[in-house]
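Note that the coordinates shown come from a computational prediction; the quantities given were computed from them, not determined experimentally. The first residue of the sequence shown is numbered 1, and numbering continues consecutively from there.
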Amino acid sequence: MAMFNKLKQFNDLRKKANSLRSKLAEETVTVEEKGITIVMDGNQEVKSVTVAPELLHADKQHQVEQHIKDAINESVKKVQRVMATKMRESGEFNIPGLS
């Protein structure tokens with residue numbers, strides 16, 4: 001009987017995770033980093049990348065690539081903070097040993 005209860009708990013947790021994933025898809029963060037703008041949803045999917053026209057020169061390629069990397073990394077950090085906040089607010093992810 002204990003195994004059945006564990007399976008039920010696992011199934012309930014999976015449903016909660018799917019619900020949270022849907023809610024996070026509706027959230028977006030925007031980060032502007034030195035002429036690069038990244039918009040990312042709550043599931044860490046990049047929705048758009050915008051590069052300021054003045055950065056679009058061949059001699060600035062390395063600089064632009066670095067700025068894009070930095071902006072994406074900052075976007076991921078912001079999304080992770082949003083995810084943590086949503087999980088705390090929902091109160092549904094109180095997993096023993098992980099709090």
Side-chain angles (χ1 to χ4, degrees):
M1 195 54 105
M3 180 60 115
F4 178 74
N5 287 336
K6 292 288 183 191
L7 289 173
K8 184 180 179 326
Q9 288 175 346
F10 178 74
N11 192 36
D12 290 345
L13 186 59
R14 185 173 41 192
K15 286 178 184 177
K16 290 174 185 177
N18 287 336
S19 174
L20 181 60
R21 188 177 304 119
S22 294
K23 289 177 187 175
L24 287 170
E26 297 171 8
E27 298 288 332
T28 60
V29 297
T30 302
V31 171
E32 186 171 341
E33 185 83 25
K34 299 175 184 164
I36 308 293
T37 304
I38 304 290
V39 178
M40 183 178 285
D41 74 11
N43 290 317
Q44 299 179 357
E45 183 178 328
V46 175
K47 294 300 188 180
S48 68
V49 176
T50 306
V51 179
E54 62 271 12
L55 296 176
L56 297 175
H57 299 287
D59 61 330
K60 293 189 176 191
Q61 179 181 354
H62 177 71
Q63 184 180 12
V64 170
E65 290 169 347
Q66 183 65 41
H67 293 327
I68 290 172
K69 180 182 77 73
D70 292 344
I72 289 173
N73 287 335
E74 184 61 28
S75 298
V76 169
K77 289 176 188 174
K78 282 182 91 170
V79 167
Q80 289 172 342
R81 288 191 293 267
V82 168
M83 289 169 58
T85 299
K86 291 290 181 185
M87 288 176 75
R88 275 194 302 277
E89 287 173 357
S90 74
E92 297 176 351
F93 288 90
N94 295 326
I95 301 172
L98 293 180
S99 46

- Is the shortest distance from a Lys or Arg side-chain nitrogen in K16 or D12 to a carboxylate oxygen in the other one below 4.0 Å?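 Looking at K16 and D12, the cut-off is not met.
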To the nearest 0.5 Å, what is the distance between [atom1] ([X]) and [atom2] ([Y])?
X: I36; Y: Q66; atom1: CD1; atom2: CD; answer: 11.0 Å
X: N73; Y: I68; atom1: CG; atom2: CD1; answer: 12.0 Å
X: T30; Y: M40; atom1: OG1; atom2: CE; answer: 10.5 Å
X: H67; Y: T37; atom1: NE2; atom2: OG1; answer: 12.0 Å

- Message: Quick one: does any side-chain atom of S19 pair with a main-chain N or O of K15 as donor and acceptor, under 3.5 Å?
- Response: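 Flag not set: sc S19 to bb K15 has no pair under 3.5 Å.
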Verify same cluster id: [X], [Y] (apolar side-chain graph, 4.5 Å):
X: V76; Y: M83; value: yes
X: I38; Y: V79; value: yes
X: V46; Y: V39; value: no

- Determine whether more than 12 heavy atoms belonging to other residues, nucleotides or ligands lie under 6.0 Å from atom NE2 of H57.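 More than 12 heavy atoms, drawn from other residues, nucleotides or ligands, come within 6.0 Å of this atom.
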- Message: Is it the case that over 12 heavy atoms from other parts of the model lie below 6.0 angstrom from the CD atom of Q63?
- Response: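 Check passes, neighbour count above 12.
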[X] vs [Y] side-chain heavy atoms within contact, under 4.5 Å:
X: L13; Y: Q9; value: no
X: K69; Y: I72; value: no
X: Q44; Y: Q80; value: yes

- Can you list the residues that meet the salt bridge (Lys or Arg N to Asp or Glu O under 4.0 Å) rule with E65, with sequence neighbours excluded?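 Applying salt bridge (Lys or Arg N to Asp or Glu O under 4.0 Å) to E65 gives none.
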- Can you name the residues that form a salt bridge (Lys or Arg N to Asp or Glu O under 4.0 Å) with E74, not counting sequence neighbours?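 Per chain and number, E74 pairs via salt bridge (Lys or Arg N to Asp or Glu O under 4.0 Å) with R81.
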- Return the minimal non-hydrogen interatomic distance between S75 and V29, and the atom names on each side.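 Nearest heavy atoms, S75 then V29: O-CG2, 3.8 Å.
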- Query: Of all heavy-atom pairs between E33 and D70, which one has the smallest distance, and what is that distance?
  - Reply: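 That would be CG-CB, 4.1 Å.
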- Those residues that, when tested against N43, pass side-chain hydrogen bond (donor to acceptor under 3.5 Å, both in side chains) (two or more places apart):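 Applying side-chain hydrogen bond (donor to acceptor under 3.5 Å, both in side chains) to N43 gives none.
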